[in-house]
*Asks:* 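Following this message is one structure expressed as structure tokens.
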Amino acid sequence: MKNLYQAVKGMADIFPDQARKFATLEAAARAVGERYGYEEIRTPLVEPTELFARSIGETTDIVQKEMFSFSGPGDKSLSLRPEGTAGVVRAYLEHAVYAQQPLVRYLYLGPMFRRERPQAGRRRQFHQFGIEALGSRRPAIDVETIDLLTCYLEEVGMDGWELGINSVGCNRCRPGFREELRLYLEKRREELCENCRSRLETNPLRVLDCKNPGCRKVIEKAPKPIDHLCDDCASHFEEVRALLTELAVPFTLQPLLVRGLDYYTSVVYEIYGPSLGAQDAVAGGGRYDTLVEELGGPSLGAAGFSIGLERLLLSLKGREIPAPSPPSISLYLVAVMEEAFRPNAVLLSRLRRRGFKAVMDYLNRSLKAQMREANKRRVDYVLIRGKDEMEKGVIKLKDMKTGEESLLPEGEVVEKIFME
RNA sequence: GUGAGCGUAGCUCAGUUGGUUAGAGCACCUGGUUGUGGCCCAGGGGGUCGGGGGUUCAAUUCCCCUCGCUCACCCCA
């Protein structure tokens, strides 16, 4: 058979094997989130393109070339969300949550979309778990989110991660720094890659992040944001580091760390995973103290992070990821003859409602084939109903581990299983 | 957007220096017990060798184009 259709490039089908793992990561996210007081919020997958352009930044790669955009009603441009923060802040403002609660903690889970060329650890549709704390400027909130993140990593069994942090300054100190950096880079313009030359005009901070060897050399001696912080930013960053140290959360200062989303201010950080190769950033986050106001809301502090589930799974590869729910006793119902099919179907429903994991055959297969299937499914018990059982008004219960069989009235099946 | 690699069965892959019915392992189905699983045995289904064009008596194999996938750059989760 030839396939008439195939999945859109970069959009993966997630089959049960893999879906189980996602479910586990998601369950852990909610569990850890709850302990820290973060509650789930679900916002639309589609938002006005302008929302993303305003928040993430007009000049960022994400906005300039990675969004799935299309025209909605009234020719208004809409986009599939490339990240989660913009939508959460939009919802927060639209419903004036700030007027009801001075500090809110949100958690979100779901697919994000970016139109990049797919490769290891990168899909066009990928999944993130994210956290947003809106309403406080205290360094302790930054630390709370980082603490939550590292707690989550521990919870899902990841080790070998590294936390890199930096401060990129706020609206007060950044413009001055940006200009100083721009002047410095301008002088050595010839040594920069083409990409960085255009960044010079649009977003000079991004040059610090360039991996091009030529640019690296220029960057070495470039002014760093951390040396140009205003007093507020400097003391904020100091407090964050002090608290992290006190909590024994290991981190390294990375003066060149600048995030690719423009809304970040002050403290930023990334988690690097082991054995991830080129795409080693598993999670990223930071503070965004001006975004809420820029989107038309009150002036208040906020911080958050997001973690990529596909990448987390990649760095967890080879590791046991526990099933999200404890396995229950499993049964397989065998009908030896057509007349047994209906009573089995009825019993099947009853057993399921009693909490058993139970299935039966719907392909009119032979007894042998049904037994094979039961075995393949590794069920604990098989219930067999054929001519003999029908006549005697009983059903045969077979313990697949021991091979032991017993005849008993249907009503006693449940008791019998629990007794053993 | 740029570069590289790869497309043979559901999966993992062999093979064809151009030549009749293209193979293996796993998976799937049936049977070996008139009503019983695993192991074993026997048999079976399933491929226009990614698609199109060219060269040739003959192409899955050679050439060209195209599509798809993967990886890397870029950027990010």
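Every chain is numbered from 1, with letters handed out A, B, ... down the list of sequences. Bear in mind the structure is a predicted one, so any value in this text is a computation, not a measurement.
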*Asks:* Starting at the 5' end of RNA chain B, write a dot or bracket for each base, bracketing those in Watson-Crick or G-U wobble pairs whose two distances are under 3.5 Å and using | for partners on another strand.
*Replies:* (((((((..((((.....[...)))).(((((.......))))).....(((((..]....))))))))))))....
*Asks:* I want to know whether Phe22(A) and Phe129(A) have ring centres closer than 6.0 Å.
*Replies:* no
*Asks:* OP1 or OP2 of G68(B) less than 4.0 angstrom from a side-chain nitrogen or oxygen of Lys9(A), does that happen here?
*Replies:* no
*Asks:* Who are the salt bridge (charged side-chain N to carboxylate O under 4.0 Å, His left out) partners of Arg174(A), not counting sequence neighbours?
*Replies:* none
*Asks:* For nucleotides G15(B) and U8(B), find the distance between their C1' atoms and express it as a whole number of Å.
*Replies:* 9 Å
*Asks:* Pull out every protein N or O sitting under 3.5 Å from an N or O of nucleotides 2-6 of chain B, one pair per line with the distance.
*Replies:*
from	atom 1	to	atom 2	distance (Å)
U2(B)	O4	Arg117(A)	NH1	3.3
U2(B)	O4	Arg117(A)	NH2	3.4

*Asks:* Can you measure from OH (Tyr381(A)) to OG1 (Thr402(A)) and round to the nearest 0.5 angstrom?
*Replies:* 8.0 Å
*Asks:* Tell me whether the side-chain N/O atoms of Gln119(A) come closer than 4.0 Å to OP1 or OP2 in A72(B).
*Replies:* yes
*Asks:* Salt bridge check: are Glu50(A) and Arg54(A) linked by an N-O gap of less than 4.0 Å?
*Replies:* yes
*Asks:* Could you give all pairs that pass the salt bridge (Lys or Arg N to Asp or Glu O under 4.0 Å) test and reach residues 25-44 of chain A, with sequence neighbours left out?
*Replies:* Arg30(A)-Glu40(A), Arg35(A)-Glu155(A), Glu40(A)-Arg42(A)
*Asks:* Please check the phosphate of G31(B) (OP1 and OP2 only) for any side-chain N or O of Ser366(A) closer than 4.0 Å.
*Replies:* yes
*Asks:* Applying salt bridge (Lys or Arg N to Asp or Glu O under 4.0 Å) as the test, list every pair that has at least one member in residues 78-87 of chain A; sequence neighbours left out.
*Replies:* none
*Asks:* Would you kindly give the CZ-to-C1' distance between Arg377(A) and C28(B), to the nearest whole Å?
*Replies:* 14 Å
*Asks:* Counting primed atoms plus P, OP1 and OP2 as sugar-phosphate and everything else as base, spell out the protein contacts along nucleotides 38-43 of chain B at 4.0 Å heavy-atom distance: B, S or - for each nucleotide, 5' to 3'.
*Replies:* B-----
*Asks:* Here's one to test your reading of the geometry: is the NZ or CZ of Arg241(A) within 45 degrees of the ring axis of Phe237(A) and under 6.0 Å from its centre?
*Replies:* yes
*Asks:* Could you check how far CG of Asp361(A) sits from C1' of G37(B), rounded to whole Å?
*Replies:* 14 Å
*Asks:* Which residues pass the side-chain contact (heavy atoms from CB on, under 4.5 Å) test with Glu389(A), not counting sequence neighbours?
*Replies:* Arg385(A), Val394(A), Lys396(A), Leu407(A)
*Asks:* Give me the residues of residues 105-113 of chain A where at least one heavy atom lies under 4.0 Å from an atom of RNA chain B, by number, or none.
*Replies:* none
*Asks:* With respect to the side chain of Met371(A), which nucleotide from G37(B), A72(B), A77(B) is positioned closest?
*Replies:* G37(B)
*Asks:* In whole Å, what is the span from the CZ atom of Arg259(A) to the P atom of A77(B)?
*Replies:* 4 Å
*Asks:* Is any side-chain N or O of Glu405(A) under 3.5 Å from a base N or O of G35(B), one able to act as donor and the other as acceptor?
*Replies:* no
*Asks:* Taking atom C1' in both U55(B) and A14(B), compute the distance separating them and give it to the nearest angstrom.
*Replies:* 28 Å
*Asks:* What's the CZ-C1' distance between Phe129(A) and A77(B), to the nearest Å?
*Replies:* 13 Å
*Asks:* Return the nearest nucleotide to the side chain of Arg365(A); candidates are A77(B), G35(B), C29(B).
*Replies:* C29(B)
*Asks:* Which of these nucleotides, G68(B), C71(B), G35(B), is closest to any side-chain atom of Gln6(A)?
*Replies:* G68(B)
*Asks:* Among the candidates A77(B), C29(B), G35(B), find the nucleotide nearest to the side-chain atoms of Arg311(A).
*Replies:* A77(B)
*Asks:* Do Arg189(A) and Glu186(A) sit within salt-bridge range, that is, some charged N less than 4.0 Å from a carboxylate O?
*Replies:* yes
*Asks:* Please list all pairs passing the salt bridge (Lys or Arg N to Asp or Glu O under 4.0 Å) test where one or both residues lie in residues 335-353 of chain A, with sequence neighbours left out.
*Replies:* Arg350(A)-Glu410(A)
*Asks:* Taking salt bridge (charged side-chain N to carboxylate O under 4.0 Å, His left out) as the test, write out the residues that go with Glu66(A), two or more places apart.
*Replies:* none
*Asks:* For Lys387(A), which residues count as a salt bridge (charged side-chain N to carboxylate O under 4.0 Å, His left out) partner, sequence neighbours excluded?
*Replies:* none
*Asks:* For Asp17(A), which residues count as a salt bridge (charged side-chain N to carboxylate O under 4.0 Å, His left out) partner, sequence neighbours excluded?
*Replies:* Arg20(A)
*Asks:* Less than 4.0 Å between a side-chain N and a carboxylate O, is that true for Glu373(A) and Arg365(A)?
*Replies:* yes
